[in-house]
Amino acid sequence: MNLLQAMISPQLEQMLSAKGVEKATWEALLQPSRESSQGDLTLPCFPFASILKMAPQAIADEFAESFPLGDALLSVSSVNGYLNFKANPEWLADAILSNKIAVGSALVNTGSTGEKVLIEHTSANPNGPFHVGRARNAILGDTLVRLHRLHGDDVRAEYYVDDMGKQVGVLAWALEHLSEEEVNELLAEREPPSERWLDKADHQRVRWYQAAQILRKDADDEKKERIEREIGKLVHASEHGDVGVLQAFESAYTPVLEGMLATLARLGISYDTFTKESTFVVDGTVAQLMQRLDALEIAGTAENGAGYLDLGQRGLKGKTEFFYRRGDGSSLYATRDVAYHMWKWGESNRLVNVLGEDHKLQAKQVGLTLEELEQQRPEVLFYSFIKLPEGKMSTRQGNVVFMDDLLEEAHAQASAVVRELRPEYDDEKVAAIAEAVGTAAVRFNIIKVSPEKGFIFRWEEALAFEAGSAPFIMYAHTRACSIAKRARSHSASNIDCPSAESMPDGLVDLLRLMCTHNDVLARSVKEQKAHLFALHMLELANAYNGFYRDCPVVRDGQVDGFAFAISEMARRLMRSGLEGLGITPIEEM
RNA sequence: GGGCGUGUAGCACAGCUGGAUAAUGCGUCGGCCUCCUAAGCCGAAGAUCGCGGGUUCGAAUCCUGCCACGCCCGCCA
């Protein structure tokens, strides 16, 4: 609790330095109490024992005895060598009601922190619809974008469009050379495409891509060779910046990308800018970059003229050669990525990338190369893949759960719940609630676990609507909304803060939690850990439910001005926090 | 073989810049709707923190060895 920490630190410093304990030795030790029953901040006194030649318990006793309480503290106690500081809830209430807790907005760039952040996420190859595995990137990335905005950073969400190279080349080749009948025949053994997505280009065109992949693997040798030659020619042309080929690629993938973006839009995910990979080839910066790399001390040349950096000299273990130019002189994906990052550094002063764990080595190579060019490396958030109980998801092989299908299913199940619980709602209202709840549940299920944890997708977990899920937080928010609606139609008493002794637990817990809200957000953004904030939002909702239980706002036609003011502040924090997680804060459900 | 990551109650997951009785959800068992939305609230049971060493006043957290799982080790993207 930074609010409290700022209050007691000067006093602590004075008392400890008088005893000869430097600030550096205790500052990091003062931390939030583990158990809320213990207090709000705790200082373990064990490390001081050897300096002061006293038992930890005795040190804690002495400080507890002499520490001045002032307005902010309710108590300072000594337990087993720990010094526990408990905030006075009256002081916390005052801090909350005098706007010391920032509510913020996840939807607009206020730039109040002065920090400019460019977050690149998703950047999926535009060759087919999003499956749940690929969507983890977008959900993680978009949540980071929103949390940074909520925190007050000036954020730009960027999608790097892979508009050249093999994947798009295969798609373009297939659309050019394969008829619908051929595609259907090649995919005859696969599950037929869903009727639902007949008019969605990502679902349609991916079949051409899949059919081509089958041909590349299973056709007779002569045909295989011919296909590889044709695709290779396209890829080669694209990598040399052939404008005609790049345009053909673009018309092949654009409808697919649009379909993918439509899926993401349903999840509330959008981008500020799209940058095409080919940009840096066409404008010559990649060629310039390769010349600069050639001149580096650690650069080397292979027999066929290919260029590489020996990153082993910079500490890279394992395979130390990083190739940035092929024997034919063309660039590689990673080379273009270096050029892209150099450009990005010109656009922003903090770079964050969201990448799958399979990109770890590549990101390291790009990072080391950037440093070699006297640039900084970006911050990277890696995530593990989402697997199906049957194994890994793969667009190529077709064993996937499509995001579009998951969202439909989520909507349907949420809809069934609303109809059962609120039979009085009309169809339109049910649909709106079901959409908000369904998409929120899907997002939250992914965001609440830490990214490096690989997890297995299970329908029943993705569609959980109970405690521990998005609807739990949404529900607490609707409670606050309905209280507000009711309170506004009654007369209210003055805002008089009750005495600390008369406050029920539910109120105290909520006050304390609200006072950590900004701390958690700051840490979440600093460390790029969205799940910390997600879990905090669950706690906030839980605390609001406790407040709801213990503190009636409207009683006997009279509004308790203080309780209402606290409820309103909690409602605003829940609202902006929900938006920060990409959840629509609906007012009824 | 090498590099990186993960391993915490039946299941899932937090904590991992060392600090008190390892937090939470699902599931299980028991209680609460004449009272601001019960998608809720209250309570109970359930954990050799993968295994073995080490450092420390103190280890789920740091070091080390081993085991299991995942990802990577292309002049692919």
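A note on names: the letters A, B, ... follow the listed sequences, proteins ahead of strands, and every chain is numbered from 1. Since the structure is predicted, the reported quantities are computational estimates derived from the model, not experimental observations.
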Show me the side-chain donor-acceptor pairs of residues 417-425 of chain A shorter than 3.5 Å, one per line, residues at least two apart or across chains.
residue	atom	partner	partner atom	Å
A:Arg419	NH1	A:Asp427	OD1	3.3
A:Arg422	NE	A:Met589	O	2.7
A:Arg422	NH2	A:Met589	O	3.3

For a quick test of your reading: what N or O donor-acceptor pairs under 3.5 Å do the side chains of residues 556-571 of chain A make, sequence neighbours left out?
residue	atom	partner	partner atom	Å
A:Asp560	OD1	A:Phe562	N	3.0
A:Asp560	OD1	A:Ala563	N	3.1
A:Ser567	OG	A:Tyr544	OH	2.8
A:Glu568	OE1	A:Arg571	NE	3.4
A:Glu568	OE1	A:Arg571	NH2	2.8
A:Glu568	OE2	A:Arg571	NE	2.9

For residues 307-315 of chain A, dump all side-chain donor-acceptor pairs below 3.5 Å to protein atoms at least two apart in sequence or in another chain.
residue	atom	partner	partner atom	Å
A:Asp310	OD1	A:Gly312	N	3.2
A:Asp310	OD1	A:Thr320	OG1	3.2
A:Asp310	OD2	A:Gln313	NE2	3.1
A:Arg314	NE	A:Glu372	OE1	2.8
A:Arg314	NE	A:Glu372	OE2	3.3
A:Arg314	NH2	A:Glu372	OE2	2.9

Using a 3.5 Å cut-off and no angle test, enumerate the donor-acceptor pairs between side-chain atoms of residues 359-368 of chain A and protein atoms at least two apart in sequence or in another chain.
none

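Here B:rC57 presents its P atom at 13 Å from CZ of A:Phe46, a figure rounded to the nearest Å. When rounded to the nearest whole Å, the span between CD of A:Glu452 and P of B:rG5 equals 10 Å. A straight line from OH of A:Tyr383 to P of B:rG5 spans 18 Å, rounded to a whole angstrom. Protein atom CD of A:Glu466 is 17 Å distant from nucleotide atom P of B:rU24, rounded to whole Å. Regarding A:Ile59, its CD1 atom lies at a distance of 15 Å from the P atom of B:rC57, rounded to whole Å. Protein atom CD of A:Gln31 is 15 Å distant from nucleotide atom P of B:rG15, rounded to whole Å. Taking atom CD1 of residue A:Ile51 and atom C1' of nucleotide B:rC57, one finds them 13 Å apart after rounding to whole Å.
Toward the 5′ end of RNA chain B lies the nearest nucleotide of A:Asn80, the other residue of the pair A:Val554 and A:Asn80 mapping further downstream. Closest-nucleotide positions on RNA chain B for A:Glu587 and A:His531 were compared, and the one nearer the 5' end corresponds to A:His531.
No side-chain N or O of A:Glu588 forms a donor-acceptor pair with one of A:Ser482 less than 3.5 Å apart. In this model, a donor atom of one side chain and an acceptor atom of the other lie less than 3.5 Å apart for A:His236 and A:Asp328.
Nucleotides B:rG27 and B:rC63 have their C1' atoms positioned 39 Å apart, rounded to a whole Å. When the P atom is compared between B:rG25 and B:rA44, the two are found 13 Å apart, to the nearest whole Å. If you take atom C1' in B:rU28 and the same atom in B:rA12, they sit 16 Å apart, rounded to whole Å. If you take atom C1' in B:rC67 and the same atom in B:rG50, they sit 8 Å apart, rounded to whole Å. Taking the P atoms as reference points, B:rG65 lies 30 Å from B:rA22, given to the whole Å. Only the P atoms considered, B:rC49 is 15 Å distant from B:rC11, to the nearest whole Å. One P atom belongs to B:rA23, the other to B:rA9, and the distance between them is 13 Å to the nearest Å. On the C1' atoms, B:rC51 is 16 Å away from B:rA59, given to the nearest whole Å.
Across every non-hydrogen atom of A:Val554 and A:Ala487, the tightest pair is CG2-CA, 4.0 Å.
Base orientation of B:rC33: syn, the glycosidic angle falling within 90° of 0.
Judged by distance alone, with hydrogens and angles left aside, the side-chain atoms of A:Ser238 form no donor-acceptor pair with the main-chain N or O of A:Met164 at under 3.5 Å. No donor-acceptor distance shorter than 3.5 angstrom exists from the side chain of A:Arg575 to the backbone of A:Ile586, with no hydrogens or angles considered.
Within 6.0 Å of NZ in A:Lys233 there are 12 or fewer heavy atoms belonging to other residues, nucleotides or ligands.
Looking at residues two or more places apart in sequence or on another chain, you find a salt bridge (Lys or Arg N to Asp or Glu O under 4.0 Å) between A:Glu230 and A:Arg226.
If you check every strand for non-hydrogen atoms under 4.0 Å, A:Phe382 touches nothing. If you check every strand for non-hydrogen atoms under 4.0 Å, A:Met589 touches a base. Counting any heavy atom pair closer than 4.0 Å across all strands shown, A:Asp560 reaches no nucleic acid atom. The residue A:Pro56 sits apart from the nucleic acid: no heavy atom pair falls under 4.0 Å. Using a 4.0 Å heavy-atom distance criterion, A:Val418 is classed as a base contact. Here A:Cys551 lies in heavy-atom contact (under 4.0 Å) with a base.
The shortest distance between the side-chain N/O atoms of A:Arg422 and the OP1/OP2 oxygens of B:rA39 is below 4.0 Å. Between A:Arg549 and B:rC36 there is no side-chain polar atom (N or O) within less than 4.0 angstrom of OP1 or OP2.
Within the structure, salt bridge (Lys or Arg N to Asp or Glu O under 4.0 Å) pairs that include any residue of residues 527-551 of chain A comprise A:Arg523-A:Glu527, A:Glu527-A:Lys529 (at least two apart or interchain). Among residue pairs with one or both ends in residues 120-132 of chain A, those qualifying as salt bridge (Lys or Arg N to Asp or Glu O under 4.0 Å) are A:Glu120-A:Lys344; sequence neighbours excluded. Pairs of residues two or more places apart, or lying in two chains, that qualify as side-chain hydrogen bond (donor to acceptor under 3.5 Å, both in side chains) and include a residue from residues 434-455 of chain A are A:Asp142-A:Arg443, A:Thr143-A:Arg443, A:Arg266-A:Glu435, A:His411-A:Glu435.
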How would nucleotides 61-66 of chain B be written as a contact map, 5' to 3', with B for base contact, S for sugar-phosphate-only contact and - for no contact, using protein heavy atoms under 4.0 Å?
------
Produce a footprint string for nucleotides 70-77 of chain B: one letter per nucleotide, 5' end first; B if the base is under 4.0 Å from any protein heavy atom, S if only the sugar-phosphate is, - if neither.
SSSSSBSB
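Taking only distance into account, the side chain of A:Ser450 never meets the base of B:rA14 through a donor-acceptor pair shorter than 3.5 Å.
Only A:Leu532, A:Leu535, A:Asn542, A:Asn545, listed by number, bring a heavy atom of residues 532-545 of chain A to less than 4.0 angstrom from any atom of RNA chain B.
Relative to the side chain of A:Phe465, the nucleotides B:rG5, B:rC13, B:rA39 differ in distance, and B:rA39 lies closest. Side chain of A:Gln38, nearest nucleotide from B:rA14, B:rA20, B:rA39: B:rA20.
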A:Lys276 and A:Asp162: salt bridge (Lys or Arg N to Asp or Glu O under 4.0 Å), yes or no, with the steps?
CA-CA 6 Å; A:Lys276 290 190 279 186; A:Asp162 210 339; over 6 Å; no
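Pairs of Watson-Crick or G-U wobble type, with distances under 3.5 Å, assemble into runs of 3 or more in RNA chain B at these ranges: B:1-7 with B:67-73, B:10-12 with B:24-26, B:28-32 with B:40-44, B:50-54 with B:62-66.
A:Arg136 forms no cation-pi arrangement with A:Tyr383, by the criterion of a distance under 6.0 Å to the ring centre and an angle within 45° of the ring axis.
Remark: A:Lys485 does not engage A:Glu587 in a salt bridge, criterion side-chain N to carboxylate O under 4.0 Å.
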